[in-house]
Number of protein chains: 2
Amino acid sequence: MDLNTEGVKANGRRDRETGTLGKLVALLDLVALADGPMRFTDILSLSDQPRGTLHRQLSHLVEEGLLEVDRGGRYLIGLRLLTLASRSWARNEFRSVAEPHLQRLHDVTCETVHLGVLHGAEVIYLDKVEGRQSIRMYSQIGNASPAYCTGVGKAALSALDDADLAIRIAGIGFHPYTEQTLRNAGELLSDISEVRRRGYAFDLEEHERGICCVAAPIRSDDGHMLAGISVTGPAYRVTPQSLQAWAPLVVAAADSIMMDMRNRMGPKR
Amino acid sequence: MDLNTEGVKANGRRDRETGTLGKLVALLDLVALADGPMRFTDILSLSDQPRGTLHRQLSHLVEEGLLEVDRGGRYLIGLRLLTLASRSWARNEFRSVAEPHLQRLHDVTCETVHLGVLHGAEVIYLDKVEGRQSIRMYSQIGNASPAYCTGVGKAALSALDDADLAIRIAGIGFHPYTEQTLRNAGELLSDISEVRRRGYAFDLEEHERGICCVAAPIRSDDGHMLAGISVTGPAYRVTPQSLQAWAPLVVAAADSIMMDMRNRMGPKR
DNA sequence: TATCATGTTCCATATAGTGGAACAAAATTT
DNA sequence: AAATTTTGTTCCACTATATGGAACATGATA
């Protein structure tokens, strides 16, 4: 994980777009973040490129399949990205090691189970096992959320040493998603010391109203990668008591995943 | 969809890597296709770049989060791609329109339902609804498969006009995945005329032994995008008779998706 | 038809990528 | 332990590629 702070915001996104690639990726991001296809002029006003330049950049991205153009000449993210990403996901060792454990955790709790990795001060969800009962909700996989208001995020942060923690927390812009959202570094730090003490983290409607979870951290042996798993459910069904009851199970599953990873890594490949 | 054939192979992948971006994307592809993390030298031997150049290219990709380096200095696809791709997936209008129909089809058949779009001569799977009974298999989403040996692919191809069809079929390299795989353009064309006649396609273990499906084509109103849906199951459970019985349902679902798309698109946004 | 907004192409210039070679660091052999 | 090979990183003159202003299209609106 990258500890270099210069030019990198707390959310992990780059600041100064350097080089040809940087500019193109920034464009990709711009289009991906929009909530629909964008017309040339929309992009023009958001990027600060001259028209000729922008036009060529977009053309190149389209040529490579990273962007697509719909019949209205509007740009949207291309399927090539989906293909690239899916391969990486399918072959991700961490994810595949964790999978059976997530499944088991789901079988016991009957609630949604998440696996996420820490990236800067964000959590990126790598996998989830959904409750059969729930309607199929917006797929979380690949989604990046702030670490400070998610169970997985706080669990993962709790596994950092203080120096590293301080660096990552430094640049967080605390956004009050709900009334329960932690409001500043102080609140986050004290929550994290709680998490360290007991070994698991809660998210009690801190990111989204009506959504709660328990989460436990996963340390890779070398501390190079931090992750977490969580059991999540709607507040009307999942009480603090049930979360509390599940905590040991979540911690145990996290530990098992750690063990499996160590064993898998062991026979130096 | 791109009808330009020069420099584009039948499988849809580009031939001549032009420009800075092209070379970098080719590298990404190379790493994504490998079945594990790659060391610098591995990549060096596969790409035909000089060492200095390759090193800088990789560094740039890593800087942008498109690649990552593990503790052993090996390269693998970065999570940034997953995040980008997931956004595109979640906001894909086609996918979201189709979703309830896929779900319904699954509820009736209790087998796996797929949605895929045609891209050149490949099918890219956009969504799937899995059987509860089956173990969670390798996720197909984002995966690209040859059109000529998949139900969705043949269904989508059948919706093309002859000229377009000829162009796409021209460069296909027919690979005999199983004994049932169509072996050449002639076999494919005659199969497709069958599909056109009856309105739906079968895949009887043509791509993977023991896997069968029925599929129906989805035409977007302007013919700009072609897709298909299928109901897939293991041969021991799914007989040709059950496939035959499901065919009208699949066709009906495909038609409904088309209608919904048309309505959604209608109010010119 | 005239006008304005939007999208595309061109080309001299500046910039960023290139690749050979030299350097550094491990891993392996002697 | 020294020598050798294999692997990874840095440097810099050179050149391919991206840049961006302006001119050219296209299409929508008045």
Side-chain angles (χ1 to χ4, degrees), chain A residues 2-4 6-7 14-31 34 36-64 66-76 222 224 267-269, chain B residues 2-4 6-7 14-31 34 36-76 78 222 224 267-269:
Chain A
D2 191 5
L3 293 184
N4 173 15
E6 74 165 343
R14 306 190 70 263
D15 221 5
R16 122 223 80 161
E17 281 97 31
T18 180
T20 313
L21 178 63
K23 291 168 203 155
L24 292 179
V25 174
L27 258 185
L28 266 186
D29 243 346
L30 201 158
V31 176
M38 299 184 83
R39 288 183 327 179
F40 180 84
T41 319
D42 302 335
I43 304 177
L44 183 60
S45 65
L46 286 174
S47 86
D48 46 0
Q49 306 282 14
R51 288 174 14 168
T53 303
L54 181 65
H55 188 263
R56 185 179 30 71
Q57 290 174 331
L58 290 173
S59 306
H60 282 172
L61 288 170
V62 170
E63 255 180 78
E64 295 300 330
L66 302 179
L67 286 183
E68 279 171 20
V69 190
D70 71 4
R71 58 257 90 162
R74 292 171 311 186
Y75 293 87
L76 33 79
D222 52 0
H224 198 78
K268 79 158 180 191
R269 359 167 325 117
Chain B
D2 191 6
L3 292 185
N4 173 16
E6 73 166 343
R14 304 189 72 264
D15 221 6
R16 120 223 84 161
E17 281 95 32
T18 180
T20 314
L21 180 63
K23 291 170 205 156
L24 292 180
V25 174
L27 259 185
L28 267 186
D29 242 347
L30 200 158
V31 176
M38 299 184 84
R39 289 182 327 179
F40 180 84
T41 318
D42 302 335
I43 304 178
L44 183 59
S45 65
L46 287 174
S47 87
D48 46 1
Q49 306 284 11
R51 293 181 1 180
T53 302
L54 180 64
H55 187 262
R56 184 182 27 73
Q57 290 174 331
L58 290 172
S59 306
H60 283 173
L61 288 170
V62 170
E63 257 180 78
E64 295 300 332
L66 302 179
L67 286 183
E68 281 172 20
V69 190
D70 72 4
R71 59 257 88 164
R74 293 171 309 187
Y75 293 87
L76 33 80
D222 52 0
H224 197 79
K268 78 160 180 190
R269 357 170 323 120

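Letters A, B, ... are given to chains in the order of the sequence lines, protein chains preceding strands, and every chain is numbered from 1.
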| Roughly, in whole Å, what's the span from CD in A:Glu63 to C1' in D:dT17? | 14 Å
| field | Shortest non-hydrogen separation from B:His55 to B:Ser59 and the atoms involved | value | O-OG, 2.7 Å
| Side chain of A:Thr41 (C-beta onward), nearest among C:dT6, D:dG21, C:dG17 | C:dT6
| How long is the line joining CG of B:Leu21 and C1' of D:dT19, in whole Å? | 16 Å
| Of the listed nucleotides C:dG7, D:dT17, D:dT9, the one nearest the side chain of B:Lys23 | D:dT17
| said: From CG of A:Leu44 over to P of C:dT8, roughly how many Å is that when rounded to an integer? | reply: 12 Å
| message | Taking the minimum atom-to-atom distance to the side chain of A:His60, which one of D:dA18, D:dG20, C:dT6 wins? | response | D:dA18
| query | Under 4.0 Å between a side-chain N/O of B:His55 and OP1 or OP2 of D:dT9, yes or no? | reply | yes
| query | For B:Leu54 and D:dT7, what is the distance between atoms CG and C1' respectively, to the nearest whole Å? | reply | 13 Å
| Rounded to whole angstrom units, what separation is found between the CD atom of B:Glu64 and the C1' atom of C:dA16? | 14 Å
| note | In whole angstroms, the gap separating P of D:dT26 from CZ of A:Arg51 amounts to 15 Å
| said: Need one value for B:Thr20: base, sugar-phosphate or nothing, where a base atom within 4.0 Å counts as base even if backbone is also close, heavy atoms only. | reply: sugar-phosphate
| task | Take B:Asp42 and B:Tyr75 through the side-chain contact (heavy atoms from CB on, under 4.5 Å) test and state the conclusion after the steps. | result | CA-CA 10 Å; B:Asp42 302 335; B:Tyr75 293 87; over 6 Å; no
| message | Does C:dT18 have its OP1 or OP2 closer than 4.0 Å to a side-chain nitrogen or oxygen of B:Gln49? | response | no
| Whole angstrom value for the distance that separates P of C:dG17 from CG of B:Leu24 | 8 Å
| query | According to a strict under-4.0 Å criterion, is B:Arg56 in side-chain N/O contact with OP1 or OP2 of C:dT18? | reply | yes
| query | If you look at every heavy atom in A:Leu76 and A:Pro37, which pair is closest and at what distance? | reply | CD2-CG, 3.8 Å
| Of the listed nucleotides D:dG8, D:dA18, D:dT19, the one nearest the side chain of A:Gln57 | D:dT19
| Interatomic distance, B:Arg74 atom CZ to B:Leu67 atom CG [nearest 0.5 angstrom] | 14.5 Å
| request: Please state how far atom CZ in A:Arg74 lies from atom C1' in C:dT6, giving the value in whole angstrom units. | output: 15 Å
| task | Confirm from the modelled atom types if A:Thr53 and D:dG20 form a donor-acceptor pair under 3.5 Å, side chain to base only. | result | yes
| task | For residues A:Pro50 and A:Leu44, report the shortest heavy-atom separation together with the two atoms involved. | result | C-CD1, 4.3 Å
